[in-house]
Amino acid sequence: MSKKVKTFRPKARRPKGFEDRFGTLANAENALIGAAAGVYASHGFEPLSTSALEYADCLGKFLPDDDRPNEGVFAFTDDDQQWMALRYDLTAPLARFVAENYDPLPKPLRRFAVGPVWRNEKPGPGRFREFIQVDADTIGAPGPAADAEMIMLAADVMDAAGLARGEYVIRVNNRKLLDAILGNIGVPDTEEGAVQRLRVLRAIDKLDRLGADGVARLLGDGRKDDSGDFTKGAGLSAQGIVAVLGYTQAGADTLEATLGALQPLMGASTVGAQGVEELRAIAALLQACGYDDGRTLIDPSIVRGLGYYTGPVFEADLRIETVNEKGEPARFGSAGGGGRYDDLIARFRGQPVPATGFSFGVSRFAAALHALGRLGPVEPGPVVVLALEVDRMADYFAMASELRAAGMRSEVYMGGSGMKAQMKYADKRGAPAVVIVGEDERAANSVTVKNLVLGDKLSGQIEDNKEWRSGRPAQTSGPREQLLKLVQDALI
RNA sequence: GCCGCCUUAGCUCAGUAGGUUAGAGCGCCGGUUUGUGGAACCGGAGGUCCUUGGUUCGAGACCAAGAGGCGGUACCA
């Protein structure tokens with residue numbers, strides 16, 4: 001008896017959180033990468049590419065989740081039992097690179113980096129497990145001018161990405177202010193205090209979603225959400241909660257007004273006074289350079305979730321309402337952010353190395369544009385040279401080559417189907433025109449060029465298919481030598 | 001990770017109280033038109049009804065577990 005052997009067929013499926021990007025989305029991402037990289041390069045930043053994998057201890061303890069180390073990172077052991085991990089951001093690899101090559105590098109070091117990073121987290125709208133960041137960082141510049149430059153850079157990138165004024169805002173704050181507040185209300189400078197501080201950061205991060213009420217609960221004993229899930233709180237006292245919430249709500253409309261409101265909240269704290277001074281210096285530069293026109297704001301409620309920031313922090317927020325496929329409002333989170341991390345390189349070198357940077361979340365930004373229906377018109381396809389006679393491929397290649405030499409995207413049809421299918425192919429590709437050389441044209445040493453855009457327009461006025469076909473609308477013929485001119489005329 | 005909802009053709013969905021060969025629209029392929037993308041008309045392909053197990057004479061439908069998707073929450077660009 002013959003037993004039917006079942007051939008194994010893998011189900012074609014994509015890992016969750018990993019997105020295929022094709023057509024418009026891929027083009028949009030590439031354009032955004034180019035725009036951001038162009039801004040950085042024009043400011044004198046040099047490109048640096050590093051590997052996707054790092055030894056896990058080099059990314060190590062500076063993962064955002066200090067309380068859950070290594071979670072959220074894709075990691076495995078190498079042949080020699082060493083833990084390898086896919087990079088989680090572009091900042092940790094930069095710290096490794098700087099520490100490894102410290103002496104010969106120019107200081108300050110200004111570098112930008114482009115590439116995918118990976119996080120093992122639950123995906124959602126605008127949240128992926130693989131996504132592209134474009135970062136700029138300045139290493140070895142301690143003063144607030146470097147931070148101010150990063151903030152202006154962030155605004156420039158948003159502009160270059162095609163946002164109009166008022167469609168985004170860069171919110172600026174300083175970690176030192178919160179440190180001062182927490183110090184004043186008695187959060188200790190210990191391990192335990194660090195855990196508490198992180199919980200406070202994350203609670204404040206949720207102000208826009210949960211409101212002051214929810215955040216107050218997270219600052220205190222904890223909060224139970226609608227689904228019944230409980231989040232442990234930071235355990236602050238009632239006065240502490242009032243102090244922290246009051247601080248986060250101290251933002252005003254102008255840089256000056258906010259600074260004025262923050263100053264008295266710092267009490268006797270020297271760190272706090274220093275933080276306000278830094279913000280004041282940054283604000284002065286933003287004003288002097290004209291970035292205080294609504295593009296930048298001081299907002300004490302911006303803290304950023306990562307633990308490694310030590311000074312000024314900022315976030316680029318979209319101010320355009322986005323909706324999902326069902327028309328419900330969708331939250332995309334920030335499209336970029338950054339700040340100062342003076343201790344990150346010290347892990348390797350023992351001495352603090354001042355550093356500040358900005359990270360542009362290209363994939364999320366593109367997803368937001370997509371949700372907004374703003375990805376722009378589809379790029380026109382190539383001019384398609386029909387392959388009507390299989391033994392004349394060399395002629396077809398020559399024609400496509402001629403068009404390319406004149407700067408036109410052009411290709412020869414590579415399938416095996418007849419003319420009708422080739423026309424459909426060209427249509428689906430968004431080809432602006434096709435070049436038709438069959439038996440008749442060859443015999444007459446001529447070429448026929450059909451303008452598909454015009455043809456599409458004319459088809460709307462023709463009901464009868466006989467007429468549509470025999471009329472051969474939007475089509476011109478001429479001598480073979482005139483190919484380029486015929487195509488150019490058709491595309492005007 | 002936790003909680004909730006959902007899963008039938010490529011897509012959007014219908015499928016009556018469990019009862020033969022599971023449907024529609026759109027899309028796709030072909031024909032009318034063997035050298036012409038649209039429209040129209042005609043025809044066709046395409047389904048392990050998410051998976052596994054259970055209840056039943058009989059399950060797309062009922063039950064359980066798992067997977068996947070969506071939303072919230074956690075986390076974050």
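Letters A, B, ... are given to chains in the order of the sequence lines, protein chains preceding strands, and every chain is numbered from 1.
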### Message
When you measure from the side-chain N and O atoms of A:Lys16 to the phosphate of B:G69, is any distance below 4.0 Å, counting only OP1 and OP2?
### Response
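Result: yes.
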### Query
Is A:Arg364 near enough to B:C76 that one of its side-chain N or O atoms lies under 4.0 angstrom from OP1 or OP2?
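Answer is no, no contact under 4.0 Å.
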### Query
Tell me, which pairs form a ring-ring contact (aromatic ring centres under 6.0 Å, His included) where one or both residues lie in residues 428-459 of chain A, sequence neighbours left out?
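Applying ring-ring contact (aromatic ring centres under 6.0 Å, His included) to every pair that reaches into residues 428-459 of chain A, excluding sequence neighbours, yields nothing.
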### Query
Which residue pairs pass the ring-ring contact (aromatic ring centres under 6.0 Å, His included) test when at least one of the two sits in residues 411-430 of chain A, sequence neighbours left out?
A:Tyr413-A:Tyr425
[atom1] gap between [N] and [M], integer Å:
{"N": "B:G15", "M": "B:G60", "atom1": "C1'", "answer": "8 Å"}
{"N": "B:A39", "M": "B:G47", "atom1": "P", "answer": "26 Å"}
{"N": "B:C5", "M": "B:C29", "atom1": "C1'", "answer": "37 Å"}
{"N": "B:C11", "M": "B:G19", "atom1": "P", "answer": "27 Å"}
{"N": "B:A40", "M": "B:C26", "atom1": "P", "answer": "9 Å"}
{"N": "B:A59", "M": "B:U51", "atom1": "C1'", "answer": "15 Å"}
{"N": "B:A61", "M": "B:U52", "atom1": "P", "answer": "12 Å"}
{"N": "B:U48", "M": "B:A67", "atom1": "C1'", "answer": "15 Å"}

### Query
So which nucleotide from B:C75, B:G37, B:C28 ends up closest to the side chain of A:Lys428?
B:C28
### Message
Wobble G-U and Watson-Crick pairs count when both distances are under 3.5 Å; given that, what is the 5' to 3' dot-bracket string of RNA chain B, with | for pairing to other strands?
### Response
(((((((..((((.....[...)))).(((((.......))))).....(((((..]....))))))))))))....
Could you state the atom-to-atom distance from [atom1] of [X] to [atom2] of [N] in whole Å?
{"X": "A:Leu210", "N": "B:A74", "atom1": "CG", "atom2": "C1'", "value": "11 Å"}
{"X": "A:Leu218", "N": "B:U73", "atom1": "CG", "atom2": "C1'", "value": "11 Å"}
{"X": "A:Ile170", "N": "B:A77", "atom1": "CD1", "atom2": "C1'", "value": "13 Å"}
{"X": "A:Arg171", "N": "B:A77", "atom1": "CZ", "atom2": "P", "value": "16 Å"}
{"X": "A:Phe22", "N": "B:G10", "atom1": "CZ", "atom2": "P", "value": "20 Å"}
{"X": "A:Arg119", "N": "B:G1", "atom1": "CZ", "atom2": "P", "value": "18 Å"}
{"X": "A:Glu467", "N": "B:A39", "atom1": "CD", "atom2": "P", "value": "16 Å"}
{"X": "A:Lys122", "N": "B:C76", "atom1": "NZ", "atom2": "C1'", "value": "13 Å"}

Tabulate atom names and distances for all N/O pairs under 3.5 angstrom spanning the protein and nucleotides 30-35 of chain B.
{"residue": "B:U33", "atom": "O2'", "partner": "A:Arg469", "partner atom": "NH1", "Å": "3.4"}
{"residue": "B:U33", "atom": "N1", "partner": "A:Arg469", "partner atom": "NH1", "Å": "3.2"}
{"residue": "B:U33", "atom": "O2", "partner": "A:Arg469", "partner atom": "NE", "Å": "3.1"}
{"residue": "B:U33", "atom": "O2", "partner": "A:Arg469", "partner atom": "NH1", "Å": "2.4"}
{"residue": "B:U33", "atom": "O2", "partner": "A:Arg469", "partner atom": "NH2", "Å": "2.7"}
{"residue": "B:U33", "atom": "N3", "partner": "A:Asn465", "partner atom": "OD1", "Å": "3.1"}
{"residue": "B:U33", "atom": "O4", "partner": "A:Asn465", "partner atom": "OD1", "Å": "3.4"}
{"residue": "B:G35", "atom": "O2'", "partner": "A:Arg472", "partner atom": "NH2", "Å": "2.9"}
{"residue": "B:G35", "atom": "O6", "partner": "A:Glu439", "partner atom": "N", "Å": "3.2"}
{"residue": "B:G35", "atom": "O6", "partner": "A:Asp440", "partner atom": "N", "Å": "2.5"}
{"residue": "B:G35", "atom": "O6", "partner": "A:Asp440", "partner atom": "OD1", "Å": "3.3"}
{"residue": "B:G35", "atom": "O6", "partner": "A:Asp440", "partner atom": "OD2", "Å": "3.1"}
{"residue": "B:G35", "atom": "O6", "partner": "A:Glu441", "partner atom": "OE1", "Å": "3.2"}
{"residue": "B:G35", "atom": "N1", "partner": "A:Glu441", "partner atom": "OE1", "Å": "2.7"}
{"residue": "B:G35", "atom": "N1", "partner": "A:Glu441", "partner atom": "OE2", "Å": "3.3"}
{"residue": "B:G35", "atom": "N2", "partner": "A:Glu441", "partner atom": "OE2", "Å": "2.8"}

With heavy atoms under 4.0 Å as the rule, sort [X] into base, sugar-phosphate or nothing.
{"X": "A:Ile132", "answer": "nothing"}
{"X": "A:Lys457", "answer": "nothing"}
{"X": "A:Ala335", "answer": "sugar-phosphate"}
{"X": "A:Phe128", "answer": "base"}

### Query
So A:His43 and A:Phe45, would you call those rings parallel, tilted or perpendicular, with 30° and 60° as cut-offs?
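A:His43 and A:Phe45: tilted rings.
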### Task
Determine the interplanar angle of the A:Phe112 and A:Tyr40 rings, folded into 0 to 90°, and report it as parallel if under 30°, tilted if 30 to 60°, perpendicular if over 60°.
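Answer is tilted, since the angle falls between 30° and 60°.
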### Task
Would you say whether A:Phe131 stacks on B:A77? The test is a distance between ring centres of less than 5.5 Å and an angle between planes of less than 30°.
yes
### Query
For A:Arg392, which residues count as a salt bridge (Lys or Arg N to Asp or Glu O under 4.0 Å) partner, sequence neighbours excluded?
A:Asp395
### A:Phe128 and A:Phe18 aromatic centres sub-6.0 Å
no
Any chance you could measure [X], atom [atom1], to [Y], atom [atom2], to the nearest 0.5 Å?
{"X": "A:Asp137", "Y": "A:Tyr341", "atom1": "CG", "atom2": "OH", "value": "3.5 Å"}
{"X": "A:Arg304", "Y": "A:Ile204", "atom1": "CZ", "atom2": "CD1", "value": "14.0 Å"}
{"X": "A:Ile302", "Y": "A:Leu178", "atom1": "CD1", "atom2": "CG", "value": "12.5 Å"}

### Message
Taking side chain to side chain contact (heavy atoms under 4.5 Å, CB included) as the definition, give me every residue that meets it alongside A:Phe397, ordered by chain and number, with sequence neighbours left out.
### Response
A:Met393, A:Val412, A:Met414
### Query
Within 45° of the six-membered ring axis of A:Trp468 and under 6.0 Å from that ring's centre, is NZ or CZ of A:Lys420 located there?
no
